[in-house]
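We count ligands from 1, going down the list as the structure has it; atoms in each ligand are counted the same way.
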Amino acid sequence: AALAGVVEYRNVTFAYPGAESPVLSNISFTARPGQTIAIIGSTGAGKTSLLSLLPRLYDPAEGQVLLDGVPVDRLDRAEITRRVALVPQRPYLFSGTIGHNLRFGKTEATDQELWDALLVAQGESFVREKKNGLDSRISQGGTNVSGGQRQRLCIARALVTKPRVYLFDDSFSALDVATDARLRAALKRTTSDATVIIVAQRISTITEADQILVLDNGRIVDRGTHEELLETSPTYQEIVES
Ligand code: GTP
Ligand code: MG
């Protein structure tokens with residue numbers, strides 16, 4: 001139970017250091033193991049900022065972020081890293097082989113574990129097609145792979161660490177709709193007991209989420225399932241129609 005992966009934001013308000021006004025105000029929600037929580041909202045709404053508080057890239061000004069009931073500022077950073085994988089909006093690859101990049105969070109992972117993660121992340125075939133497979137070199141910043149390949153490698157990197165909580169920040173945006181759907185179906189199968197929080201731009205990515213939080217100007221203005229929000233949320237309807 002100590003490693004369940006329950007995420008709770010409790011009345012969280014956050015401002016960037018030196019900034020006058022908060023970018024997040026009074027954010028409360030709970031994400032439990034087995035659930036997918038989606039966050040949607042226009043650019044600048046605060047989605048990335050919201051995710052950044054769980055791995056403690058920043059700490060809130062007010063309120064609490066809890067992991068399994070423990071405020072994250074009382075947890076060891078290494079402990080958080082073991083339990084929480086964040087796939088950032090601008091996924092980063094460094095100069096080295098694909099294998100090096102995939103083992104970034106877990107140096108002792110076997111090749112088989114890397115291939116398993118690539119299979120889920122829909123990256124298995126393009127890596128296999130490369131002459132040197134896992135030993136193929138990635139140039140600094142990953143400029144010799146496409147945006148969609150970079151996203152899939154970074155998703156695979158997160159899978160390799162087998163965390164309790166996955167944070168995906170717009171991680172499917174560079175994928176075509178079919179690959180996005182295949183990837184999420186595979187992800188759902190392999191991470192069925194993990195807690196998943198997905199920031200997305202595309203509605204099709206999140207229609208099956210257990211709960212969708214509609215973020216506007218740093219506040220959760222509406223929440224519910226896709227069907228519920230279609231009925232109740234003008235902000236959500238606007239996003240769907242855009
Ligand atoms: P998109 O990724 O474009 O969809 O936006 P988002 O919803 O992820 O918004 P984000 O959380 O990145 O930004 C919310 C607000 O915080 C915006 O007004 C940003 O300008 C501001 N912001 C983001 N990062 C920083 C930062 O590092 N410092 C400061 N001072 N402000 C920031
Ligand atoms: Mg963002």
Nearest non-hydrogen protein atom to atom 12 (O) of ligand 1, with distance, is T48 CB, 3.7 Å
When distances are taken from atom 4 (O) of ligand 1, the protein heavy atom at minimum range is K47 NZ, 2.7 Å
protein heavy-atom neighbour closest to atom 17 (C) of ligand 1 works out as G44 O, 3.9 Å
Per side chain to side chain contact (heavy atoms under 4.5 Å, CB included), V7 is matched among T30, I197, L167 by I197
(message) So Y58 and V23, do their side chains get closer than 4.5 Å, heavy atoms only?
(response) no
The Mg ion (ligand 2) reached by T43 (N, O or S, under 2.8 Å): no
**Asked** Hey, is atom 19 (C) of ligand 1 under 4.0 Å from any protein heavy atom?
**Response** no
heavy-atom search around atom 13 (O) of ligand 1 in the protein gives S49 OG, 3.8 Å
Next on the checklist: Once you measure the plane-to-plane angle for F104 and F94, does it fall in the parallel (<30°), tilted (30-60°) or perpendicular (>60°) bin?
Outcome noted: tilted
- Query: Is the Mg ion (ligand 2) under 2.8 Å from any N, O or S atom of Q89?
  - Reply: yes
Per side chain to side chain donor-acceptor pair (under 3.5 Å), Q122 is matched among R182, R184, Q151 by R182
If you scan protein heavy atoms around atom 2 (O) of ligand 1, the nearest is Q89 NE2, 2.8 Å
No-hydrogen, no-angle side-chain donor-acceptor test under 3.5 Å, D180 and T205:
yes
heavy-atom search around atom 1 (P) of ligand 1 in the protein gives T43 OG1, 3.6 Å
Atoms of ligand 1 under 4.0 Å from any heavy atom of Q201, numbered from 1 in the order shown, are 4 (O)
Test your reading of the structure: does G41 have an N or O sitting under 3.5 Å from an N or O of ligand 1? no
Practice prompt. Assess the side chains of N11 and S28: does a donor N or O sit below 3.5 Å from an acceptor N or O?
Written response: yes
The test is salt bridge (charged side-chain N to carboxylate O under 4.0 Å, His left out); show your working for D68 and R83 and say whether it passes.
CA-CA 10 Å; D68 293 330; R83 290 198 226 176; 2.8 Å; yes
- Query: Should A19 be counted as touching ligand 1, given the test is an N or O pair under 3.5 Å?
  - Reply: no
Original post:
Side chains of V221 and Y236: closer than 4.5 Å at any heavy-atom pair?
Top reply: no
Q.
Please determine whether a side-chain nitrogen of the Lys or Arg among R103 and D111 lies less than 4.0 Å from a carboxylate oxygen of the Asp or Glu.
A. yes
For A45, the ligand 1 atoms with a heavy-atom partner under 4.0 Å come out as 7 (O), 9 (O)
Within 4.0 Å of some non-hydrogen atom of Y58, the atoms of ligand 1 are 27 (O)
**Request:** Assign the ring pair F168 / F172 to parallel, tilted or perpendicular, where the plane angle (0 to 90°) is split at 30° and 60°.
**Result:** tilted
Worksheet item: Is R219 paired with D216 through a side-chain N to carboxylate O contact shorter than 4.0 Å?
Response: no
When distances are taken from atom 9 (O) of ligand 1, the protein heavy atom at minimum range is G46 N, 3.3 Å
the protein heavy atom lying closest to atom 30 (N) of ligand 1 turns out to be Y16 CB, 3.4 Å
Judging by distance only, is a nitrogen or oxygen of V23 under 3.5 angstrom from one on ligand 1?
-> no
